[in-house]
Amino acid sequence: MLRFKSLGSGSSGNATLVEASGLVPFRLLIDCGLGLKHLSHRLGQAGLQPQDVHAVFITHEHGDHIGCARALALRYRIPVWMSRGTHAAIGSPDFDGLLHIARDGDAINLGGLQLMPFTVPHDAREPLQLSCTDGASKLGILTDLGHATAHVMAHLEACNALLLECNHDAEMLAQSTYPAFLKKRVGGPYGHLSNTAAAEIAHTVKNPGLRHVVAAHLSVQNNRPTLAQAMLAEALSCAEGDIVVAGPDNGCGWLQA
Ligand SMILES: [Zn+2]
Ligand SMILES: [Zn+2]
């Protein structure tokens with residue numbers, strides 16, 4: 001069984017646990033955008049300790065994703081995957097042999113999990129998002145991108161679950177107190193997905209095997225959980241209550257992919 005749980009989502013910090021159960025469960029942490037103390041605390045709330053994480057995948061160098069990745073890796077000897085561009089963007093620090101380079105389209109096989117990283121349009125050096133499968137079901141992780149490309153959509157085909165960025169409501173962003181350059185960046189083709197863009201993606205990904213779509217990376221200032229839920233529910237022809245929202249502080253509960 002493949003299950004996942006957000007430990008927190010949004011510009012204050014992102015971290016998502018993915019677990020492939022087997023005789024020995026394998027746990028992947030996608031992004032570490034929290035301090036080590038906070039991350040340990042949230043793992044503790046899930047009944048886990050940092051040493052229960054077997055591998056870390058970092059999507060890109062923005063602080064809300066990279067956070068304590070190096071400290072976590074070095075302290076607990078956990079291997080870390082990231083793109084060469086992401087590693088360069090953080091100053092190419094030494095990971096004491098724990099760093100592995102992830103590349104668009106190159107599968108990574110880890111303890112019963114297969115990760116497939118893919119390039120997304122976002123204002124980072126070499127950002128990657130990914131899908132994860134245990135051979136039976138497939139989870140798509142898609143945050144931090146300005147728009148959906150054909151390449152992105154091809155990688156999300158036949159997903160059973162999708163953690164999907166719903167960053168902002170376009171109207172709220174336009175009306176917000178953000179300075180003009182920031183509005184342009186967030187709403188631009190290398191920024192973040194609006195609820196409308198996310199709904200279009202959800203509609204395209206929709207298939208009979210799709211069990212969960214989780215709204216993630218919501219802006220506190222420029223979005224509301226109910227707006228994201230309404231947009232996704234309409235796109236998926238489901239009830240608004242069926243759309244789980246991953247919040248900034250508590251993420252969401254375990255969901256089966
Ligand atoms: Zn982010
Ligand atoms: Zn980002």
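The analysis underlying the following values was restricted to heavy atoms, covering all of them including side chains, and did not include hydrogens, waters or symmetry mates. All residue numbers in this chain count up from 1 along the given sequence.
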Residues 26-35 side chain polar contacts: donor-acceptor under 3.5 Å, at least two apart:
| residue | atom | partner | partner atom | Å |
| --- | --- | --- | --- | --- |
| Arg27 | NE | Glu19 | OE1 | 2.8 |
| Arg27 | NH1 | Asp52 | O | 3.0 |
| Asp31 | OD1 | Thr59 | N | 2.8 |
| Asp31 | OD1 | Thr59 | OG1 | 3.1 |
| Asp31 | OD2 | Thr59 | OG1 | 2.9 |
| Asp31 | OD2 | His65 | ND1 | 2.7 |

Checklist entry - Would you say the side-chain atoms of Ser6 pair up with the backbone N or O of Thr16, donor to acceptor, closer than 3.5 Å? => result no

Next on the checklist: So which atom in Phe95 and which in Arg70 form the shortest heavy-atom distance, rounded to 0.1 Å?
Outcome noted: CE2-CA, 3.7 Å

Next on the checklist: Using a 4.5 Å cut-off between side-chain heavy atoms of Ile, Leu, Val, Met, Phe, Trp and Tyr, which other residues end up in the same hydrophobic cluster as Met231?
Outcome noted: none

Next on the checklist: Could you check whether any side-chain N or O of Asp104 sits under 3.5 Å from a backbone N or O of Thr119, counting only pairs where one atom can act as donor and the other as acceptor?
Outcome noted: yes

Item to check | Exam field: side chain Asp134 to backbone Ser137, donor-acceptor pair closer than 3.5 Å | outcome: yes

Checklist entry - If every non-hydrogen atom of Cys166 is compared with every non-hydrogen atom of Asn223, which pair is closest and at what distance? => result O-ND2, 2.9 Å

Next on the checklist: If we check side-chain contact (heavy atoms from CB on, under 4.5 Å) with Trp81, which of these qualifies: Leu99, Leu115, Leu110?
Outcome noted: Leu110

Next on the checklist: Assigning hydrophobic clusters by single linkage (Ile, Leu, Val, Met, Phe, Trp, Tyr; side-chain heavy-atom cutoff under 4.5 Å), is Val56 placed with Leu130?
Outcome noted: no

Checklist entry - If you take all heavy atoms of Ala89 and Arg125, which pair is closest and at what distance? => result CA-NH2, 3.7 Å

Checklist entry - Do Leu227 and Tyr178 share a hydrophobic cluster (ILVMFWY, side-chain heavy atoms under 4.5 Å, transitive)? => result no

Next on the checklist: I need the Lys206 NZ to Ser237 OG distance, nearest 0.5 Å.
Outcome noted: 3.5 Å

Checklist outcome for this item: One should read off an interatomic distance between His60 NE2 and His122 NE2, to the nearest 0.5 angstrom, of 3.5 Å

Checklist outcome for this item: All heavy atoms of Leu98 vs all of Ala73, minimum pair found to be CD1-O, 3.4 Å

Next on the checklist: Any heavy-atom pair between the side chains of Leu17 and Val53 that's under 4.5 Å?
Outcome noted: yes

Item to check | Minimum-distance pair of heavy atoms, taken over all atoms of Ala69 and Ile58 | outcome: CB-CD1, 3.6 Å

Checklist outcome for this item: Tracing side-chain contacts under 4.5 Å among Ile, Leu, Val, Met, Phe, Trp and Tyr outward from Leu164 reaches Phe118, Val120, Leu142, Leu145, Val152, Met153, Leu156, Leu162, Leu193, Ile201, Val205, Leu210, Val213, Leu232, Leu236, Ile243

